[in-house]
2 protein chains.
Amino acid sequence: MGEKRQLTRRGRERRDKLLSYATARFAENGFHPTSVSEIVNGVGVGKGVFYWYFESKDQLLMEILRESLRDLRQTQAAAMAAHDDPLQQLEAGIRASIAWSAANTDITRLVLFGWSETAFAEVLRRGRDIVVADTARLIDEAIDQGQILEGDAVMMALAIRAVIDQLAREYAVGDGEVGEAMVDTTVRMCLDGVRGTAGAS
Amino acid sequence: MGEKRQLTRRGRERRDKLLSYATARFAENGFHPTSVSEIVNGVGVGKGVFYWYFESKDQLLMEILRESLRDLRQTQAAAMAAHDDPLQQLEAGIRASIAWSAANTDITRLVLFGWSETAFAEVLRRGRDIVVADTARLIDEAIDQGQILEGDAVMMALAIRAVIDQLAREYAVGDGEVGEAMVDTTVRMCLDGVRGTAGAS
DNA sequence: GGGTGCCTTGACCGGGCGGTCAAGAGAGCC
DNA sequence: GGCTCTCTTGACCGCCCGGTCAAGGCACCC
């Protein structure tokens, strides 16, 4: 567990190969239905190799999820950093998140699965809270500057993430195409939803 | 398959018992990790009983999902029917959906899982499209009456569903409490997001 | 009584699962 | 060559899985 192993270059490559092959299989077939034997056969190695690099099948999935969320966060943060105005940062972050999902459909499917089993849901919750906190910080700034009506920033950030996740699901599960227009509408809804309106009711 | 069997009253009760026990176990332990033996032992019957009422474990889950979505739709439709104004109907539908999710947390978890495997995702997609269509019809009405800016009603309905699902996940997976305020904020974001604003950007 | 479904049992099946491990290969360093 | 440490192999383990089925009980009809 705690002990770290020193991997050689060859070792790191093997590990990566197992990881990416497993991700693809899990996404296509489901986590439980995909056996460890199937993975090692697919990569063309003996079974022991798997257990040399990973503690267990469960741990492998957790690793995939953890690394993915880290990657998503970096992508989002980088996009946000490219602007000054909070609302522009917000929009850039949203668009970057959507693009990331579009480019990582199989991970999106794994995430969907992950939320349904407690052990994995914990990992996801931790990771998502960080991403949401990044967004919430921005919303708070926007509130300070009067660009947004008062409100619970974390909750708003959560709602935005929800909409993004929905679009991601459309990419990952959908048969239909996801067009530019759909992305634009989604982004608009997020921003409008956060800004609030003066309308009645 | 196609052939229907005539169940006696006792038969229907047994079936319901299996169904609800399985739902609880699936939600708590996950679908794949829960074995058929575990289910029949829990209910206190022989294994054959399971296969008398259900074709397979997979079919059982599909049945659970199908019935749940049907139930959700009815709940939402009933709530909507209680008002006249489209926007009020919309809000009532949203609130009813949220309440339904809060009352059916274990099904919410099963739905989460279902989206991650193709066979189940198909069932969910079909069911969800119906629920979304109900909402979209309302949004179209609201657009006609000028209460909402022009836009793709289906997409807006989808976004609303996304936000509701997110809150549902909060109920189902969350450790934290989901307060009144959280529900209100969610509803407001949905309505504001749909109505649009005149703001810049 | 006999007959006709509906229902129930639980031993049984073939198979595949996640995971282990003794044995050894290869690379790099002395 | 010898030593060390990373890495690889694949047969093997015990287990339990989803699903089958011959047999028999039970309820209600004639």
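Since this is a predicted model, take the numbers as computed values, not measurements. Throughout, a chain's letter reflects where its sequence line sits, starting with A, and its residues are numbered from 1.
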When the distance from [atom1] of [X] to [atom2] of [N] is rounded to whole Å, what number comes out?
| X | N | atom1 | atom2 | value |
| --- | --- | --- | --- | --- |
| A:Ile39 | C:dG16 | CD1 | P | 17 Å |
| A:Phe54 | D:dC7 | CZ | P | 12 Å |
| B:Gln59 | D:dG18 | CD | P | 15 Å |
| A:Phe50 | D:dT9 | CZ | P | 15 Å |
| B:Arg9 | C:dG5 | CZ | P | 23 Å |
| B:Asn41 | C:dG10 | CG | P | 10 Å |
| A:His32 | C:dG16 | NE2 | C1' | 16 Å |
| A:Trp52 | D:dT8 | CH2 | P | 9 Å |

Is there a side-chain polar atom (N or O) of [X] under 4.0 Å from OP1 or OP2 of [N]?
| X | N | value |
| --- | --- | --- |
| A:Tyr53 | D:dT6 | no |
| B:Ser35 | D:dC17 | yes |
| B:Arg14 | C:dT8 | yes |
| B:Arg15 | C:dC7 | no |
| A:Thr8 | D:dC7 | yes |

Taking atom types as modelled, is there a side-chain donor on A:Gln76 or A:Arg73 under 3.5 Å from an acceptor on the other? no

If the threshold is 4.0 Å, N to carboxylate O, is there a salt bridge linking A:Glu91 and A:Arg188? no

Going by the angle between their ring planes, with limits at 30° and 60°, are A:His32 and B:His32 parallel, tilted or perpendicular? tilted

Which of parallel (below 30°), tilted (30 to 60°) and perpendicular (above 60°) describes A:Phe26 and A:Phe31? perpendicular

Remember a base hit wins even if backbone is also touched, and classify A:Val36 as base, sugar-phosphate or nothing at under 4.0 Å, heavy atoms. sugar-phosphate

For nucleotides 20-25 of chain C, give me every protein contact, N/O to N/O, under 3.5 Å, one pair per line with atom names.
none

Using a 4.5 Å cut-off on heavy atoms from C-beta on, say whether the side chain of B:Thr135 contacts that of B:Arg161. no

For salt bridge (Lys or Arg N to Asp or Glu O under 4.0 Å), just list the numbers for B:Glu13 and B:Lys17, CA-CA rounded to whole Å, side-chain angles, deciding distance to a tenth of an Å, and then say yes or no. CA-CA 6 Å; B:Glu13 276 165 14; B:Lys17 202 151 196 176; over 6 Å; no

